[in-house]
Amino acid sequence: MQHVIVGAGPAGVVAAETLRKGDRAADIVLIGDEPEPPYSRMAIPYVLEGMIEQSGTYLRKAQGHYEDLGIQYRQGRAEALAAADGTLTLEGGEAVSYDRLLIATGATPLSPPVPGLDLPGVHNCWTLADCREIAALLGDDANVVLIGAGFIGCIIMEALAKRCGTLSVVEMEDRMVSRMMDATAGGMLERWCAAKDIRVLTSARVTAIEAAKGAGGDKAVVLDSGERLDAHLVVLAVGVAPNIGFLEGSGIRTDHGVLVNEHLESSAAGVFAAGDVAQGLDFSTGEYSVHAIQPTATEHGRIAALNMLGRRAHYKGSLNMNVLATVGLVSSSFGSWEGVAGGDSGVAVDEDAFKYLRLEFEGDHLVGALGLGLTDHVGVIRGLIQNRTALAEWKEKLLENPHRVMEAYVAHSQT
Ligand SMILES: Cc1cc2nc3c(=O)[nH]c(=O)nc-3n(C[C@H](O)[C@H](O)[C@H](O)COP(=O)(O)OP(=O)(O)OC[C@H]3O[C@@H](n4cnc5c(N)ncnc54)[C@H](O)[C@@H]3O)c2cc1C
């Protein structure tokens, strides 16, 4: 059996290892287009901060890991797929045949629609190559403008803030991390950043990046208000889109990402998809969406590989769950955190202490939550949502005091 995996990120690597565990004899080819050993983007902020070397991001650190497992890891970029013939074409024209294929090509950063993105010193922060470019421009005198205060923007903010002179953040939404935080939490995050000398401008749109030599840098980020922010370095973090371009004409059904069923199989038999490129089942909504986070990628990779081995493993759906530290302040969101029609909410907020907890119920089930400044509750909330625990009388107690969520969990784990 010839298994081919295109994309050597966390989804691809976990899939390759799962395949080897389940089949000692199969041919396993892992194809990646980046010029490094497979690595974790999650560790990039630690490289930027100088806490680890680039090699610290590698997903598997032992020399010869892939060879020892009989996994053929090779460089290459997939350009086209003929699903009907079982052939993948690489850049340069080489054709690679497969019996089972996993598409694990991840995502690519989006660009804001403004002129000036091609100026030197304007970078995404998505790959290790980006990280090297950014690190070279950081320093005590550097003025840095970060465009985008979403999940990735907030994750890299601390590393940038620690290694530059001034950091300004421009966000077009009315609050930070608007896809995982409500107005209360977003406002608290903004105050937290201001207290750390990071200027956050929300409801602000960048209209251009211009070359403009001056004391504050060699560029200016121009805002719709007319304000100009001088910068030596501009970092873009405005979202990502799944890498599905090479599937054009392949017959594989795509929407936002590659559409997969509960076995992570695409519309073409024998072709699977996993990770940031896959539009898979959402645990909370029952709909199909892209959850671009690493835990979803690795779980997708594992389940897809089991199905490639012929074991009919079911994917129960990923919980839309994000845990994020923004310059030290931990925020988390789970499932239907914005609430559901006809549902109930329990809220506890302490603005001065930067602590906030919001629980969302449907009937007596916890279906979503938001947390700020809290860490202990993460596993407990996830457990209550994923186990679809019927909370009975505990629902009223939690509406009164959401912080009793640990007690509720313990009470139900003993029944
Ligand atoms: C700075 C940063 C911090 C992050 N922090 C977190 C975090 O704290 N928690 C979290 O859960 N997630 C985090 N993420 C997101 C997380 O890294 C992704 O969800 C995860 O990498 C997805 O894994 P993947 O295997 O699906 O895709 P990727 O890791 O993107 O791997 C896909 C690989 O496929 C390659 N590829 C693409 N197209 C082709 C092609 N045509 N041919 C061959 N190869 C191709 C890509 O170059 C890439 O190497 C972070 C991301 C970044 C950038």
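The basis for the numbers below is simple: all heavy atoms, side chains too, and nothing from hydrogens, waters or symmetry mates. Atoms within a ligand are numbered from 1 in the order they appear, just like the ligands themselves.
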Any donor-acceptor pair under 3.5 Å from Asp182 side chain to Thr184 backbone: yes
Part of Ser40 with heavy atoms under 4.0 Å of ligand 1, whether side chain, backbone, both or neither: neither
Under-4.0 Å heavy-atom contact with ligand 1, by part of Ile152 that carries it: side chain
Proximity to ligand 1 by part of Ala8, non-hydrogen separation under 4.0 Å: backbone
Proximal ligand 1 atoms for Val6, defined as those under 4.0 Å from one of its heavy atoms: 42 (N), 43 (C)
Between Asn143 and Thr166, a side-chain donor and acceptor under 3.5 Å: yes
Separation of Tyr409 OH from Leu384 CG (nearest 0.5 Å): 7.0 Å
Pi-cation contact, Tyr315 with Arg302 (under 6.0 Å, within 45°): no
Shortest heavy-atom approach to atom 42 (N) of ligand 1 - which of Ala43, Ala78, Ala297: Ala78
Any Gly76 heavy atom less than 4.0 Å to ligand 1: yes
Main-chain N/O of Ala390 paired to His412 side chain as donor or acceptor, under 3.5 Å: yes
Under 3.5 Å: donor-acceptor pair, side chain of Arg20, backbone of Gly70: yes
Any donor-acceptor pair under 3.5 Å from Thr57 side chain to Tyr39 backbone: no
Identity and distance of the protein heavy atom lying nearest atom 53 (C) of ligand 1: Trp126 CE3, 3.1 Å
Atoms of ligand 1, numbered as shown, that sit under 4.0 Å from any heavy atom of Gly275: 26 (O)
Short side-chain to backbone donor-acceptor contact, Arg382 and Leu319, under 3.5 Å: no
Shortest non-hydrogen contact from Ala304 toward Leu102: CB-CD1, 3.7 Å
Residue and atom name of the nearest protein heavy atom (relative to atom 27 (O) of ligand 1), distance in Å to one decimal: Gly106 CA, 3.4 Å
Heavy-atom proximity to atom 37 (C) of ligand 1, best of Asp276, Thr105, Ile44: Thr105
Per-atom contacts, ligand 1 versus Gly9 - under 4.0 Å to a heavy atom: 25 (O), 29 (O), 31 (O), 33 (C)
Pick from Asp33, Ile155, Thr108: the one approaching atom 36 (N) of ligand 1 most closely through a non-hydrogen atom: Asp33
Cys125: numbered ligand 1 atoms lying under 4.0 Å from its heavy atoms: 1 (C), 53 (C)
Sidechain-backbone polar pair: Arg311 side chain, Ala305 backbone, donor-acceptor under 3.5 Å: no
Tyr58 and Arg60 side chains, donor-acceptor separation under 3.5 Å: no
Shortest protein heavy-atom distance from atom 29 (O) of ligand 1, along with the residue and atom involved: Pro10 CD, 3.2 Å
Residue Gly7 vicinity, atoms of ligand 1 by number, heavy atom under 4.0 Å: 33 (C), 34 (O)
Leu19 side chain near Leu309 side chain, heavy-atom distance below 4.5 Å: yes
Check: Gln279 side chain, His256 main-chain N or O, donor-acceptor pair, under 3.5 Å: yes
Mode of Gln294 contact toward ligand 1 - side chain, backbone, both, neither (heavy atoms, under 4.0 Å): both
Under 4.0 Å to a heavy atom of Ile293 - the qualifying atoms of ligand 1, by number: 11 (O), 12 (N), 19 (O)
Interfacing atoms of ligand 1 (cut-off 4.0 Å, heavy-atom, Glu34): 46 (C), 47 (O), 48 (C), 49 (O)
Close N or O approach (Ala11, ligand 1; < 3.5 Å): yes
Minimum-distance protein heavy atom relative to atom 15 (C) of ligand 1: Ala292 O, 4.0 Å
Protein contact of atom 32 (C) of ligand 1 - nearest heavy atom, named by residue and atom, plus distance: Ala104 O, 3.4 Å
Residue Pro295 vicinity, atoms of ligand 1 by number, heavy atom under 4.0 Å: 11 (O)
Candidate with minimal heavy-atom separation from atom 9 (N) of ligand 1, of Glu79, Arg41, Met42: Met42
Distance-only side-chain donor-acceptor flag, His291 / Ser318, under 3.5 Å: yes
